Amino acid sequence: MSGSAPPASPETILVMDFGSQTAQLICRRVRENNVYCQLVRHSLSLERIREINPKGIILSGGPSSVYEAGAPHPDPGIWELGIPVLGICYGMQLTAQALGSEVKPGNTREFGRTPLRKVASNPLFEGLPDEFVVWMSHGDQVRDSGERFEIVASTEDCPQAAVRHPSRPIFGLQFHPEVTHTQYGSELIRNFVVGVCGCRGDWKMSSFIDQQVELIRQRVGQKRVICGLSGGVDSSVVAALLYRAIGTQLSCIFVDNGMLRTGEAEAVKVRFGKHFQTDLHVVDAADLFLGELAGVVEPQDKRKIIGRVFIEVFRKEAESIPDAHFLAQGTLYPDVIESGADPDGPAATIKAHHNVGGLPKELGFELIEPLRDLFKDEVRALGLALGLPDDMIWRHPFPGPGLAVRCLGEVRADRLTTLRAADAIVLEELRKAGLYRKIQQAFAVLLPVRSVGVMGDFRTYDDVCAIRAVQTEDFMTADWYPIPFDVLQAMSTRITNTVRGINRVVYDISSKPPSTIEWE
């Protein structure tokens, strides 16, 4: 494959991130129109932008004020490239300031739903009503008399709610079209990427597969790739994609830490050892992990121990695989921006990126991360296109430390057996009721709390099981899911009747925040 031409790059829209918590949502809205989109740091060089050759650039919002010292700014050359630019909120203010307008604090701050009125024709508003509701979140405003920008839409408190440059394909929106609170927001973004930028809108998952297969083959050559399998969606899709690209040059390592759910280890062996016929290395390290966890009850200590032991086990097994040169990981797009992780970047850190086992660079492999340009729902679509079964693709997220962080208190083999049985019942009853796909995450938790019960004519003194089920779009916030009482009753009855060691079941009705989804 070394003599093959590089795969054609799709039409691309760049979204420059200035710290907005909705920057990734802009990308989602672009991709909903079958247009490929990359989220990049605000400091991306003009040279790199020219290499990418985007059809258009979108500047995100952000928490800063453009006139503050140290506020993030892009290379000013982006406005001279001759390609369409759309500034959103802070991005609009950057654009206005860079082209000679003034940005000052507004007389009033606008937050929330606000009526917007069109005052002039504009390709962004093509086909939209003259008035609709938008979502505002700003304190600063562009002050322009109309000399540099034409005003095309206003709100009561913001005359320059939407503007366009009179001679260049440069636009600004003070509101956020990417959020669902803005009416016709998706249409606005479509008008920009298709109408203004001229994108064909023909980016498909099949095209992504073909492109990635070619890229992987070119990069890997005849060398071997190791993939760390966890049984989860991300690592499974990575393995399937790699198998499509390089076949028998792929070796997968699956570390069974003894803290998996019912049937998971067996499912991995069947799917990747038999169905995909990969070189699968299964390491049964349950006794090692449980030995290290003996007597440990502090959640963070559990995580550190499990992470350390995993790396030790993985490293030892990887060393036994000859000619291994690359390590594949299931890093996803929400955790990545092109210029790398910058601790001094403009965005507030919400959660740290994690990968398969948190494998360190010291392992000595070159990384392959073929999913780093995809969102979770796109990864699922990719998995289906690659032939993975529905039950694997739609599997609820499972924490890296496994059941250890759902077994509160000491992690022992007998307590894990109890928890595993209760958890299986919870998931079985959700599937029977047709609720599994409506809930984003559900599981059982074994509490280090014992209570008195009565079974038959005998007194019991056993553990308490909590059931947790949440609905969420982004896992940053979550609400508890109102499982019908008859389904909860079925779960409770089955658990207390069939799982030895549990005599009481409770339901967790707390949201995130203030709680977290997992209990530890």
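The figures here come from the full heavy-atom set of this structure, side chains too, leaving out hydrogens, waters and symmetry mates. Just so we're clear, the structure is a prediction, and the values are computed from it rather than from any experiment.
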Qualifying residues under side chain to side chain contact (heavy atoms under 4.5 Å, CB included), relative to [X], sequence neighbours excluded:
X      : answer
Val133 : Arg113, Gln183
Arg164 : Asn122, Pro123, Glu150, Val152, Phe171
Ala324 : Ile226, Ile321, Phe365
Thr22  : Ser20, Leu25, His176, Glu178, Val179

For [X], which residues count as a ring-ring contact (aromatic ring centres under 6.0 Å, His included) partner, sequence neighbours excluded?
X      : result
Tyr90  : Phe18
His73  : none
Phe443 : none
Trp203 : Tyr36

Test: salt bridge (Lys or Arg N to Asp or Glu O under 4.0 Å). Region: [range]. Which pairs qualify, not counting sequence neighbours?
range            : answer
residues 187-206 : Glu11-Arg200, Arg200-Asp202
residues 379-398 : Glu264-Arg395, Arg271-Asp391
residues 68-96   : Glu80-Arg168
residues 221-242 : Asp234-Lys376

- [ ] Taking only Lys NZ, Arg NE, NH1 and NH2, and the carboxylate oxygens of Asp or Glu, determine whether Lys118 and Glu131 approach each other closer than 4.0 Å.
- [x] no
TODO: Output yes when Arg29 and Glu32 qualify as a salt bridge under the 4.0 Å nitrogen-oxygen rule, no when they do not.
DONE: yes
